[in-house]
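Index from 1, following the sequence.
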Amino acid sequence: MQCTICLDTEGDVIQRGCCCRGDAGAVHLDCLIELANAHQRQGDWGGWTKCEVCKGRFTGHVQIGLGRTWFDQVKDRDKTDEERSYAAAALSDALYSQGRYEDAAEMEKDILEADKEMYGVDHPNTLVSKGNLATTLNALGRHSEAADLQLEVLTTRNEVLGPEHPQSLISKSNLASVYVCLGQFGKAAELQRTVLEVRKRVLGDQHPDTLTSIVDVSQIYDHQGKYDQAADLQQQVLAVRKRTLGEDHPQTLSSMNCLAGIYVSQGRYLDAAALNVRVLETRQRVLGDNHPNTLATKSDLARNYCHQGRYEEASKIQLEVIASHQRVLGLEHPHTLIVTSNYSETLRDQRKYDEAEAVATSVAEIMRRVHGNTHPDTLRTKTRLGSVVLLQGRVAEAHAILAGVYGAMTSVLDSDHEAVLMTSTWLGHAQCLLDYHDEAATMLRETHARQCHTMGRDHRLTLLTASVLADALMRTGESGEGSELLCATFDLQRRLRGEGHFDTLLTAERLQSWDLAA
């Protein structure tokens, strides 16, 4: 490729990571640095963060390279220097975007201390910095610390600005997002409904901020298993955004993607896939194949195909996304690791257990090193690893893995969190196979009841638990209840997932083992 600035093909020519596509985005990092410095000499700092051609923000290696260079040039200035503050913020944003959350948090702590010194503890800039630190801590899985900081920001803004000030409403929404990560959906819903009520009254039903609040509420409803209510709200927002912004606007596409996610929860996989494909085609055309939003949509489509049992198609897409993430973001970026972890589950559902175990083991180790042992992403991946080990018949080994994960999860996440409930299901299954039938049945009953309440009876994970619970009941001698539940679960899985889906096949094997007609 040829650098679009110096027109030379020699050296390391890379993609800018903005919205410039193909050869139009090819550049030497050194050329971009020289260009940014030229703009800076004219009093314009924008060249360090945004492409002068497409006006989009840089991402990936270019973003981190520019951010690091800019900050290195001004880091020795006094912490109260304006340009140093902007450069520090740009670097912390780049570090966060690259998934280097520990480094970003250290930068944000320094920025927060500088802002306290420059402006005071209650100044709006200081509160923004505190909120940014909370967001990064949340990404690190330190949700309780993040919640404490967001609550501090909210309390100060309520006192200084009033509870209905726009900044106070943003703080409520940010705190609600942390509660969602903790699995505290009731608290999150209460906060988001408060924000929505105020915005409707003050701004009107169709103001962009009001629409954002409607989306936030709908996503919590999705977590709570209130799928019809969630879908109704998302459809309202989508209709308004189509009419006011156009079908190809980023916010319209985001609404389509959110609605597709709810359709998946409802089991409307074909409707969800149609929306995913529509969003993907537009993002590929507008943003390019390697833009993070394009890759996120491809990953969503792959997960949808997994739910449909279209594993070969899902695997192909996931491998493409993994390769793109590795090239653009790096091997250890959180997005790369999450998609790779998802791929391990796809391999598991294809019954490629050796490959699934190898991938899950590798990803879990990298996540442990990058994020730590108790980060939710690390724990989710270890749950997947435990499930693969269990399905290979290494029951005691699987039980040790899952018991460790469950103990760690319950210390950092609410008991109704989806990841906790999923781990509980596989742990209960392991207990059952180790002949701890009564303990397994008790755990699985509680898990199933929680899933019915938070996700709904027809949710994939609820049905998976129902199948395992039925098997445990059969083993404890409660054959009447167990056989009825097993047959009913199989019928639902066959209708909602299909005959060849991993979950359906597992239940069919249980029916066969108990000599029950499928």
Side-chain angles (χ1 to χ4, degrees), residues 1-77 83-84 86-104 106-107 283-296 298-299 319-337 339-340 366 369-370:
M1 289 189 295
Q2 182 185 65
C3 173
T4 55
I5 297 176
C6 71
L7 305 182
D8 197 345
T9 59
E10 298 297 322
D12 190 10
V13 180
I14 59 177
Q15 289 289 326
R16 300 173 193 238
C18 53
C19 294
C20 293
R21 298 179 57 190
D23 291 344
V27 72
H28 291 117
L29 179 58
D30 287 344
C31 290
L32 270 182
I33 291 171
E34 186 176 340
L35 185 62
N37 274 318
H39 285 299
Q40 181 177 339
R41 286 191 289 271
Q42 299 173 9
D44 178 9
W45 301 334
W48 293 109
T49 56
K50 291 183 180 179
C51 172
E52 67 173 359
V53 179
C54 70
K55 310 304 179 186
R57 294 182 67 84
F58 295 121
T59 61
H61 300 305
V62 166
Q63 183 188 22
I64 197 76
L66 288 170
R68 174 63 66 189
T69 301
W70 188 18
F71 183 70
D72 284 346
Q73 291 179 180
V74 298
K75 65 182 179 182
D76 293 332
R77 298 182 188 177
E83 186 181 345
R84 188 190 187 281
Y86 275 93
L91 179 55
S92 69
D93 183 52
L95 291 168
Y96 182 90
S97 297
Q98 280 291 99
R100 294 169 57 178
Y101 301 134
E102 290 284 2
D103 293 334
E106 289 305 310
M107 287 290 302
R283 285 180 167 167
Q284 285 175 323
R285 173 167 50 82
V286 175
L287 302 175
D289 290 337
N290 292 320
H291 191 279
N293 290 351
T294 305
L295 295 175
K298 289 182 77 171
S299 184
L319 287 173
E320 291 173 357
V321 174
I322 290 168
S324 294
H325 276 319
Q326 288 177 343
R327 183 173 63 256
V328 176
L329 301 175
L331 290 168
E332 296 186 355
H333 191 281
H335 294 174
T336 308
L337 296 174
V339 175
T340 309
I366 296 173
R369 177 162 44 81
V370 173

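- Note that CG of D30 and CD1 of I5 are 10.5 Å apart. Values are rounded to the nearest 0.5 Å.
- Counting non-hydrogen atoms of other residues, nucleotides and ligands closer than 6.0 Å to CD of E34 gives a total of 12 or fewer.
- Residue pairs that meet the side-chain hydrogen bond (donor to acceptor under 3.5 Å, both in side chains) test with at least one member in residues 59-68, sequence neighbours left out, are Q63-D93.
- Using a 4.5 Å cut-off on side-chain heavy atoms (C-beta onward), N290 and T294 make no contact.
- Nearest heavy-atom pair across S92 and M107 is CB-CB, 3.8 Å.
- Remark: C3 SG to D23 CG distance equals 11.5 Å, nearest 0.5 Å.
- The minimum heavy-atom distance between I366 and E332, with the atom names listed, is CG2-CG, 3.8 Å.
- Residues E52 and H39 share a closest heavy-atom pair of OE1-NE2, 3.1 Å.
- In this structure, H335 places its NE2 atom where only 12 or fewer heavy-atom neighbours from other residues, nucleotides or ligands lie under 6.0 Å away.
- Note that CG of D72 and CG of L91 are 8.0 Å apart. Values are rounded to the nearest 0.5 Å.
- The shortest non-hydrogen separation linking G65 to L29 is CA-CD2, 4.1 Å.
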Evaluate side chain to side chain contact (heavy atoms under 4.5 Å, CB included) for R283 paired with K298, printing each intermediate quantity in order. CA-CA 10 Å; R283 285 180 167 167; K298 289 182 77 171; over 6 Å; no
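- Between W48 and W70, the two ring planes are parallel [angle under 30°; tilted spans 30° to 60°].
- Atom CD of Q40 and atom CD of Q73 lie 6.0 Å apart (nearest 0.5 Å).
- T49 and A90 get closest at one heavy-atom pair: CG2-CB, 3.9 Å.
- Rounded to the nearest 0.5 angstrom, L331 CG and L337 CG are separated by 8.5 Å.
- Closest approach of T9 to V13, counting heavy atoms only: O-CG2, 4.1 Å.
- Within the 3.5 Å criterion, the main-chain N or O of P292 finds no donor-acceptor partner in the side chain of H325.
- Panel note: side chain Q284, backbone D289; no donor-acceptor pair is recorded below 3.5 Å.
- In this structure, R57 CZ and C51 SG are separated by 12.5 Å, a value rounded to the nearest 0.5 Å.
- Taking the side chain as every heavy atom from C-beta outward, D103 and Q98 never approach each other to under 4.5 Å.
- At least one donor-acceptor pair under 3.5 Å links the side chain of T336 to the backbone N or O of G330.
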